[in-house]
Amino acid sequence: MKNTFLFFPESHEDAKISVLGAPYDLNSSARYGSRLAPDSIRDATFDMETNFRGMELQNLPVEDLGNVRADNWRIFREDLRRRVEDIVSRGSVPLIMGGDHSITPEVISSMGRNDISVVALDAHLDFDESLNGNRMSHSTSRRRESGMVGAENITIIGLRSWPTESMEKAMELGVNIVTAFDIMEKGLKRAAQSLPERGDVYLTIDIDVLDPAYAPGTGTPEPMGMRPEQVMSIIDVLSPRIVGMDIVEICPPVDINGLTSFLGAHLMAEFIRSFFSELSAH
Ligand SMILES: [Mn+2]
């Protein structure tokens, strides 16, 4: 049997969620290795139960399509686009495993939607115009998306590390920002206030939004981060409106006992649970 995410089949005729690995990490700025995350996340599910909070996930219409080709950036972009277009045209929600954060604007662009909001859970702003001459750097991702959906339709939650100039630009353009410090002071309700009120949402989870105590295996860890149950709450609130999602920046070579891949796998499973419990409630 082939190793798929949480034992889901490699294809499902009526899939509503399509898992896809996007193993590209050459737009990282430090500690490469997130290209190994999709397979590491799949491995983590091999010992996991398929019942989450009382909901059996096993027979839900979910598929794991394997990994995008990642020989180089051009081939990666083309294959990712082709596969995301196919997922969306079949009426399924892409659930992408990165890779570094530069894959996110590629997924959003491939979805062909400029009418959605982007919610990013991230320790970092990722609003640089370029980094070390690379305009595709993972630190430019929200900046690139602002050109697709509009800066005012982007919300960044859990932020706690940013360059002064890029922050000024993000504020000027109207990006919605909730720092980790805001949440420490005012609780998760401060984050809830800044979520888009209506419409379809693309959710991107940079694993470094979590405190390194929970998610040590990432390229640029930042202390003072969020807790897993807080991230789960945000997934729960947004899940009925999520049209695309990714989890990025898990870096297995610097992980400790695979903990970060396990957490990533759990967050993905919690999204699947939440998404289908909402569907069956309507
Ligand atoms: Mn980050």
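For ligands, and for the atoms within them, numbers begin at 1 and follow the listed sequence.
- Of all N, O or S atoms in His124, the one lying closest to the Mn ion (ligand 1) is ND1.
- Residues Arg241 and Asp200 are not paired through a salt bridge, judged by the lack of any N-O separation under 4.0 Å between the basic side chain and the carboxylate.
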Given Tyr32 and Asp100, is the side chain to side chain donor-acceptor pair (under 3.5 Å) satisfied, shown in steps? CA-CA 9 Å; Tyr32 295 86; Asp100 68 51; over 6 Å; no
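- Checking Glu249 against the Mn ion (ligand 1), every N/O/S atom stays at or beyond the 2.8 Å cut-off.
- For the Mn ion (ligand 1), the N/O/S atoms of His101 include none lying under 2.8 Å.
- Taking backbone and side-chain atoms together, Asp122 has an N/O/S atom less than 2.8 Å away from the Mn ion (ligand 1).
- In this structure, Asp211 does not pair ionically with Arg227, as no charged nitrogen and carboxylate oxygen lie closer than 4.0 Å.
- Ring orientation note: the planes of His266 and Phe52 are nearly perpendicular, at an angle over 60° on the 30°/60° scale.
- Among the backbone and side-chain atoms of Asp126, no N/O/S atom is found under 2.8 Å from the Mn ion (ligand 1).
- Vertex the Mn ion (ligand 1); arms to Asp206 atom OD2 and Asp208 atom OD1; angle 90° (nearest 10°).
- Remark: Glu78 does not engage Arg82 in a salt bridge, criterion side-chain N to carboxylate O under 4.0 Å.
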